[in-house]
There are 2 protein chains.
Amino acid sequence: MNSELLLREHDLKVTPQRLGILSLMKIRGHVDVEELFSEMKKQFSSISLATLYKNVNAMLEKHLITEIKAPNFKAKYEIVKEPHIHLLCKECDEFVDLDLDLESLISDASKKSNYQLKESCVVLSGLCKKCQTK
Amino acid sequence: MNSELLLREHDLKVTPQRLGILSLMKIRGHVDVEELFSEMKKQFSSISLATLYKNVNAMLEKHLITEIKAPNFKAKYEIVKEPHIHLLCKECDEFVDLDLDLESLISDASKKSNYQLKESCVVLSGLCKKCQTK
DNA sequence: TTATTAAAGGATAATAATTATCCTTTAAGC
DNA sequence: GCTTAAAGGATAATTATTATCCTTTAATAA
């Protein structure tokens, strides 16, 4: 979906800065605040860090993006999509999405715990293919 | 295992403060830095926050404890145990462990990605039993 | 279009969280 | 009991995040 519509559907005003943020997330998949800042400065030389924090928080509140956190890892942000998991390489810091069915995990967890589960944050870490042979 | 041995086996000196930290983790299951500080002050009235950070970091490095992170959640620490997942209630903030077999998830992820996976950080969130009926 | 207005942006101050420093105290091994 | 390297405590420094305040701009309706 185009970013303008994405913003409108989440009750967020369309601004060039916000379009830039979303565009970057689409290209990169996930970004952290630091990356966001250094990349955005290329397009918006006078952008303020505060603007980024404010926008990231606004987008989180409206559920347009989600936050991914894990040990030894700077929080990253991505546009909301189907439930999936994340893989982190401890050697080269590669970080990728993996579309994997979480249904059985979630239903098992629900049965065992009686929790009604809505969201998941799954990060598995180890070595990517390249780093295994080094 | 008793805490003294646990420390020794991880090449950490045994100190009263460290024993206190581990004892608290055993009782509570997981603690965040703030809880740790307020509870520890009951036993060690002059303990410094720096001591807690230093010890938490030392224990993390030696893999005696692990860190759990998730969105809208203050990082918590727990003594290393068998792989398991965590459930978070968004209503009352209850946070619990759940022993669930992660083997199939991890092997599926490995196959699909060619990653060699070692660690997992899984937090599922929703409503605990009590909060579902409120 | 243009005028109006609430919200967004930018600069920067304030706050919170974490780490570093420095000196004192203590655990571990002889 | 000594010795010594490491740990603890106090606090300064750093980093990350949020708040504030004023200026600018996107959205809307005349």
Side-chain angles (χ1 to χ4, degrees), chain A residues 2-24 30-62 64-77, chain B residues 2-24 30-62 64-77:
Chain A
N2 83 75
S3 299
E4 213 170 302
L5 196 53
L6 212 49
L7 287 168
R8 291 228 172 79
E9 286 192 346
H10 290 85
D11 298 310
L12 291 166
K13 269 193 186 177
V14 177
T15 68
Q17 291 85 345
R18 285 175 177 175
L19 292 173
I21 292 172
L22 292 177
S23 148
L24 211 58
H30 346 71
V31 292
D32 62 38
V33 173
E34 203 177 309
E35 281 170 54
L36 206 50
F37 191 45
S38 62
E39 289 301 311
M40 290 289 289
K41 271 195 292 198
K42 295 178 184 169
Q43 278 186 72
F44 305 89
S45 57
S46 71
I47 197 168
S48 161
L49 246 187
T51 299
L52 295 180
Y53 277 106
K54 281 186 279 190
N55 280 324
V56 164
N57 287 333
M59 291 177 187
L60 284 171
E61 265 176 36
K62 301 288 188 178
L64 167 49
I65 64 175
T66 54
E67 191 179 33
I68 312 151
K69 288 171 153 187
N72 311 309
F73 182 76
K74 281 195 69 172
K76 287 188 193 288
Y77 302 91
Chain B
N2 84 75
S3 300
E4 215 171 301
L5 196 52
L6 212 49
L7 287 167
R8 290 227 175 79
E9 287 191 346
H10 290 84
D11 298 308
L12 291 166
K13 268 195 186 175
V14 177
T15 69
Q17 291 85 345
R18 286 175 176 175
L19 293 173
I21 291 171
L22 291 177
S23 147
L24 211 57
H30 346 70
V31 292
D32 61 37
V33 174
E34 202 178 310
E35 280 169 52
L36 205 50
F37 190 44
S38 62
E39 288 301 311
M40 290 290 287
K41 272 195 292 197
K42 294 179 186 171
Q43 278 185 73
F44 303 90
S45 55
S46 71
I47 197 168
S48 161
L49 245 187
T51 299
L52 295 180
Y53 278 107
K54 281 186 279 192
N55 280 325
V56 164
N57 288 332
M59 291 178 188
L60 284 172
E61 266 176 35
K62 301 290 188 177
L64 167 48
I65 65 175
T66 55
E67 190 179 33
I68 312 151
K69 287 170 152 189
N72 310 310
F73 182 76
K74 281 195 69 171
K76 287 188 194 286
Y77 303 91

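Atom set for the values below is all heavy atoms of this structure, side chains included, hydrogens, waters and symmetry mates excluded. Letters go in sequence order (proteins before strands), and every chain restarts at 1.
Looking at heavy atoms from C-beta onward, Leu22(B) lies in side-chain contact with Met59(B) at the 4.5 angstrom threshold. Looking at Val56(B) and Leu60(B), their side chains come closer than 4.5 Å, going by heavy atoms from C-beta outward. Looking only at side-chain heavy atoms (C-beta outward), Leu52(A) and Asn55(A) stay at 4.5 Å or farther from each other. Between Val33(A) and Tyr53(A) there is a side-chain heavy-atom pair separated by less than 4.5 Å. Looking at heavy atoms from C-beta onward, Leu7(A) lies out of side-chain contact with Thr15(A) at the 4.5 angstrom threshold. Put simply, the side chain of Lys69(B) does not reach to within 4.5 Å of the side chain of Lys76(B), judged on heavy atoms.
Among the heavy atoms of the strands lying under 4.0 Å from Thr51(B) is at least one base atom, whether or not backbone atoms are also near.
Under the rule for a salt bridge (Lys or Arg N to Asp or Glu O under 4.0 Å), Glu67(B) has no partner lying at least two apart in sequence or in another chain. In terms of the salt bridge (Lys or Arg N to Asp or Glu O under 4.0 Å) criterion, Lys62(A) has no residue partners (sequence neighbours excluded). Remark: Glu34(B) pairs with Asp32(B), Lys74(B) by the side-chain contact (heavy atoms from CB on, under 4.5 Å) rule, at least two apart or across chains.
Spacing between atom CD of Glu4(B) and atom C1' of dA27(C) amounts to 11 Å, rounded to whole angstrom units.
Between the side chain of Arg8(A) and the main chain of Val14(A), no donor-acceptor pair closer than 3.5 Å is present.
For the pair Ser46(A) and Tyr53(B), nearest-nucleotide mapping onto DNA chain C gives the more 5' position to Ser46(A). Checking Lys54(A) against Leu49(A), the closest nucleotide of DNA chain D that is more toward the 5' end is the one next to Leu49(A). Residues Arg8(A) and Asn55(B) both approach DNA chain D. Their nearest nucleotides, taken by heavy-atom distance, put Asn55(B) toward the 5′ side.
DNA chain C lies under 4.0 Å from at least one heavy atom of each of the following residues of residues 12-21 of chain A: Lys13(A), Thr15(A), Gln17(A), Arg18(A).
In terms of heavy atoms, Ile47(A) sits closest to Gln17(A) at CD1-CG, 3.9 Å.
Think of the region where chain B sits on DNA chain D: with heavy atoms and a 4.0 Å cut, that region ends 5' and 3' at dA5(D) to dT11(D).
Note on the helix from dT1(C)-dA30(D) to dC30(C)-dG1(D): angle between the axes of the first and last five pairs equals 50°, rounded to 10 degrees.
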